[in-house]
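Convention: sequence-line order gives letters A, B, ...; per-chain numbering from 1.
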Amino acid sequence: MDKLILIDGNNIIYRAFFAMPPLTNTAGQQTNAVYGFTTMLLRLIEEHKPSHLIVAFDAGKITFRHEGYEDYKGGRQKTPPELSEQFPLLKDLLRDLGVPQFEISGYEADDIIGSISREADAAGREVMIVSGDKDMLQLASEHTTIALVRKGVTEVELYGPQQIREKYDLTPEQIIDLKGLMGDASDNIPGVPGVGEKTALKLLHQFGSVEGVLAGTGELKGKMKEKLEEHADSAVMSKKLATIYREVPLEHAWEDMSFAGINRDTAGPALAKLEFKSLLERLSLSAYSGAAGEDTAVEAAEAAELDITIVGEDGLEALIAALPGISALHVETNGENPHRSEVIGIGLSSPEQHYYVPFALLQNPAASPLRDWLGDSNAPKSGYDLHRADLALHWQGIAFAGAANDVQLAAYLLDPTEANQNLNDLTSKYGLPRLSPDEDVFGKGAKYKIPELEILGNHVARKSATVLGIVEKQQQELQETAMTGLFVDLEMPLSRILADMEKQGIAVNKEELKELGKEFEAQIASLVSEIYEICGTEFNLNSPKQLGEILFVKLGLPVVKKTKTGYSTDAEVLEKLAPYHDVVRLILQYRTIAKLRSTYVEGLLKEISEQTGKVHTFYRQTIAATGRLSSQFPNLQNIPIRLEEGRKLRKIFVPSEPGWSILAADYSQIELRVLAHISGDERMKEAFLEDMDIHTKTAMDVFGVTAGQVDSNMRRSAKAVNFGIVYGISDYGLSQNLNIPRKEAAQFIEQYFEVFQGVRKYMDDIVQDARKQGYVTTLLERRRYLPEINAKNFNLRSFAERTAMNTPIQGTAADIIKLAMVHMDKALFERGLKSRMLLQVHDELVFEVPEDELELMKQLVPEVMAGALKLSVPLKAEVSYGSNWYEAK
DNA sequence: TGGTTCACG
DNA sequence: ACGTACGTGAACCAT
């Protein structure tokens, strides 16, 4: 079956430009629009496998349309040079991909598309038109679907005549009338002033067309009638402007559009030249990535010259002699969870020589000097993800110490939002020889296989060599961005502390956990049978799709919210439905208990170590864009606390030695204290200086009442506003949270800012700063770039603005607790205490403490936490303890 | 693999 | 008019 895809080139590259962060290749050429365009194009090709395909571009500045109306598109801003530079890149790339492109002098892309689609319609061919321009909807027909691009270029909505009818109750032809009445600011089509989409639709439903409306003004009255009569000419002309011209002369178009798939011979080098690695991988053309331009070819040659020794028993002595010169290593492990992975081997690098030591050899008695070196804190080492290496070695009985420079950690500080800063990504960033991707060397998923020694050894030794190459450049960059202190004094020491906490783990009462599991099981069984009974049918309660079918079709409950794929059935929706039907409460209860069982009971049981009987989480130090930690395998940062049913789970976390206690200390209102400090708002500072309840104080000031007059509702609202402030407030968000009209929320916010003017100034200033500098920082100079702060797209820009407000707050709070952890570790060591730090939960630290240290620790922990960083308001930490984590509340 | 839901700060 | 609160990870379903 023939299938034709027509792409509105100008429109899509425009959208891609504003939607994508400003990527540049190593030559400094911005390539983001080309990249966005290409990802979308490849997706379309993969999904739809078109037999014919073109990208249409506007040609020439003056189109025939100007003859009628010289202001046509006059309102449009000039194309930024960063975008116009990318047109030739895109056109070259399309040529090399083998994608036909049309450009006809005097016509715009939509005219070309309209004309081709007219012919295709006549021939009954399947057509899909891809554009972000709603005007295109006028081309929809039985065989022609419009794919309207949304959300930058990541999503499309498909429109045929049917969907247009559902959405607007109009025919495709009437889309032109719609435009004629409402106009279009971006194309400078005037329409009728005062008529927007709502009014235009109403008129069209009544009269059918622009002409019909103008003829029927007699039936209307008031302002609307005047407006329409006054601007009748404008409406007619606007309709003409909005009409896509469908008579562009085209010859042999069908043959010219035929598309047999990507031309793999020319696509590889072209994508490599643009440095689109992920696209090369997507097309399985990775082989080209190393052979790009001349530069990388030279570097590849250099890489081949590396002096690599694969160490055998007979080579150990030479290696051991060389150890003093070795400063970089790479510990190759398998698996994601470092507590459960095996060490495969180690790469070691000095500037002159590179070694690979298979793990079996490392365990050889003769390798003991090498093991001593690995565990020697006075032998400084650089590496990638040393924290992970430390854990993997630890469980094999090999001590690791002396981590001096973790290039993954440094890369994270230099750009915490850059996902997947794997070693190979860093090679391209720093212009080093590329490594073979791990997936090529080891295979992926079920095909994972350790390759033969020669290949493995070379690969791993190249990794340590790469580390060596990266270190120096990163040190420079850290200096330039004022983050050396953060790296050397905070993040590097912390990574060792985290490893200690993770190795220690937290003890779990397995029997009690199983008991809890049984209780949940029983509750679930009874809920499930009751629910099936009421619904009169059995179905999979865990499937939102099946549940939606039951609730909204079978029981006919009102649809509150939809998701991309169907009905939404989240807790917020179910709460709203609860009054309509008794079963909804039961479903909510089922959800709660089922979550506790599967995630917390079953999930935790699976994570209990056979060796230690404890759970050993893995903190990731390079994930959260704000500087927070995250926790995995299992996640111990989201153990239930808010609802009593779930909170009980905390009883299973117990001290690992008899007679000890669990001690927990958490910061009180750390984020708002940080905000008080960085904004310098006097009123807010006063609240903390006098150690008042901040939400009550906020309510007093915002509502202008005394402490005694603040009721629970006022305090609740004030609390929500305070949260909103921390998140980068919007009236919409607050209205959702408080379940109040948006106007009221906006009023709250305005009143808040009247009172806390320092906070308002901070919010304004930080967004300005972000615009100017392109990034925001925390108190400790942790940095986050916000490339979308200047985006044209409202959503992207708003998101960046909220992030600009939130990140310095959340990030500084993260800095502070990290500092506290470093200080606490030191205090425990210096005082020779047996107490151990076990967990961090963003604003809380959890310890296990022997009886005879309890009194001391109750003093010491909050003192150290409060003293971690001196702010203009006091920091406060509250401590509690008990025989398990539940009791420590 | 992506979407939905829900646990935490 | 636009359509969201900030930051995470895990389980489960559907494809």
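A gap of 14 Å separates the P atoms of B/dG3 and C/dT4, to the nearest Å. A distance of about 33 Å separates the P atoms of C/dA1 and B/dC6, rounded to the whole Å. Using atom P as the reference point in both B/dT4 and C/dA5, the two lie 13 Å apart (nearest Å).
A salt bridge between A/Lys818 and A/Glu491 is present, with a side-chain N of the basic residue lying under 4.0 Å from a carboxylate O of the acidic one. A salt bridge is defined here as a Lys NZ or Arg NE, NH1 or NH2 lying under 4.0 Å from an Asp or Glu carboxylate O, and A/Arg585 with A/Glu575 meets this definition. Classification of A/Arg340 and A/Glu607 as a salt-bridged pair holds, one side-chain N sitting under 4.0 Å from a carboxylate O.
The shortest distance between the side-chain N/O atoms of A/Arg802 and the OP1/OP2 oxygens of C/dC6 is below 4.0 Å. Taking 4.0 angstrom as the limit, A/Arg784 places a side-chain polar atom (N or O) nearer than this to OP1 or OP2 of C/dG7.
A/Ala720 comes within 4.0 angstrom of a base, heavy atoms only. A/Thr807 comes within 4.0 angstrom of no nucleic acid atom, judged by non-hydrogen atoms across all strands. When heavy atoms are screened at a 4.0 angstrom cut-off, A/Val726 is found touching no nucleic acid atom at all. Within 4.0 Å of A/Ala571, counting heavy atoms only, lie sugar-phosphate atoms of the nucleic acid but no base atom. Counting non-hydrogen atoms under 4.0 angstrom, A/Arg642 reaches a base of the nucleic acid. Using a 4.0 Å heavy-atom cutoff across all strands shown, A/Ala625 reaches sugar-phosphate atoms only and no base atom. As judged by a 4.0 angstrom heavy-atom cut-off over every strand, A/Ile641 is placed among residues touching the sugar-phosphate backbone only. Within 4.0 Å of A/Ser730, counting heavy atoms only, lies at least one base atom of the nucleic acid. Using a 4.0 Å heavy-atom cutoff across all strands shown, A/Ile809 reaches no nucleic acid atom at all.
Where stacking is scored as ring centres under 5.5 Å apart with planes under 30°, A/Tyr727 registers as stacked on the base of C/dC6. Stacking between A/Tyr732 and C/dT4 is shown: the ring centroid lies under 5.5 Å from the centre of the six-membered base ring, and the planes differ by under 30°.
If you measure from atom CG of A/Leu786 to atom C1' of C/dC6, you get 13 Å, rounded to the nearest angstrom. Here the P atom of nucleotide C/dT4 and the NZ atom of A/Lys561 are 10 Å apart, to the nearest Å. Rounding to whole angstrom units, NE2 of residue A/His842 and P of C/dT8 are separated by 10 Å. In this structure, A/Asp815 atom CG and C/dG7 atom C1' are separated by 14 Å, rounded to whole Å. In this structure, CG of A/Asn737 is placed 8 Å from C1' of C/dA5, rounded to the nearest angstrom. The separation between A/Arg742 atom CZ and C/dT4 atom P is 12 Å, rounded to whole Å. Atom CD1 of A/Ile817 is separated from atom C1' of C/dG7 by 14 Å (rounded to the nearest Å). Atom CD1 of A/Ile639 and atom C1' of C/dT8 are 14 Å apart (whole Å).
The base of C/dG9 has none of its N or O atoms less than 3.5 Å from a complementary donor or acceptor on the side chain of A/Arg620. Not a single donor-acceptor contact under 3.5 angstrom links the side-chain atoms of A/Ser798 to the base of C/dT4.
Partners of A/Val528 under the side-chain contact (heavy atoms from CB on, under 4.5 Å) rule, at least two apart in sequence or in another chain, are A/Ile524, A/Tyr532, A/Leu541, A/Tyr590. Partners of A/Glu572 according to the salt bridge (charged side-chain N to carboxylate O under 4.0 Å, His left out) rule, which considers only residues two or more places apart in sequence or in another chain, are A/Lys561, A/Lys576.
Both key distances under 3.5 Å define a Watson-Crick or G-U pair, and stretches of 3 or more such consecutive pairs in DNA chain C run B:1-9 with C:6-14.
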Indicate every side-chain donor-acceptor pair of residues 725-737 of chain A with a distance under 3.5 Å to a residue at least two apart or in another chain.
residue	atom	partner	partner atom	Å
A/Ser730	OG	A/Gly733	N	3.0
A/Ser735	OG	A/Tyr732	O	2.7

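Listed for the A/Tyr752 side chain is no donor-acceptor partner under 3.5 Å among the backbone atoms of A/Val721.
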Once base and sugar-phosphate atoms are separated, protein heavy atoms under 4.0 Å mark nucleotides 10-15 of chain C, 5' to 3', with B, S and - as BSSSSS
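Between the side chains of A/Tyr762 and A/Arg760, not a single donor N or O lies within less than 3.5 Å of an accepting N or O. In the model, A/Gln589 has no side-chain atom that pairs as donor or acceptor with a side-chain atom of A/Gln523 under 3.5 Å. A donor-acceptor pair shorter than 3.5 Å can be found between the side chains of A/Tyr159 and A/Glu157.
Shown are A/Phe618, A/Tyr619, A/Tyr412; of these, the ring-ring contact (aromatic ring centres under 6.0 Å, His included) with A/His387 is made only by A/Phe618.
Nucleotides of DNA chain B with any atom under 4.0 Å from a heavy atom of chain A span, from 5' to 3', B/dG3 to B/dG9.
Within the 4.5 Å cutoff, side-chain heavy atoms of A/Ser717 are placed close to those of A/Phe748.
Rounded to the nearest 0.5 Å, atoms CG (A/Leu490) and CG (A/Leu409) are 9.5 Å apart.
Using cut-offs of 30° and 60° for the angle between ring planes, the A/His616 and A/His339 rings count as tilted.
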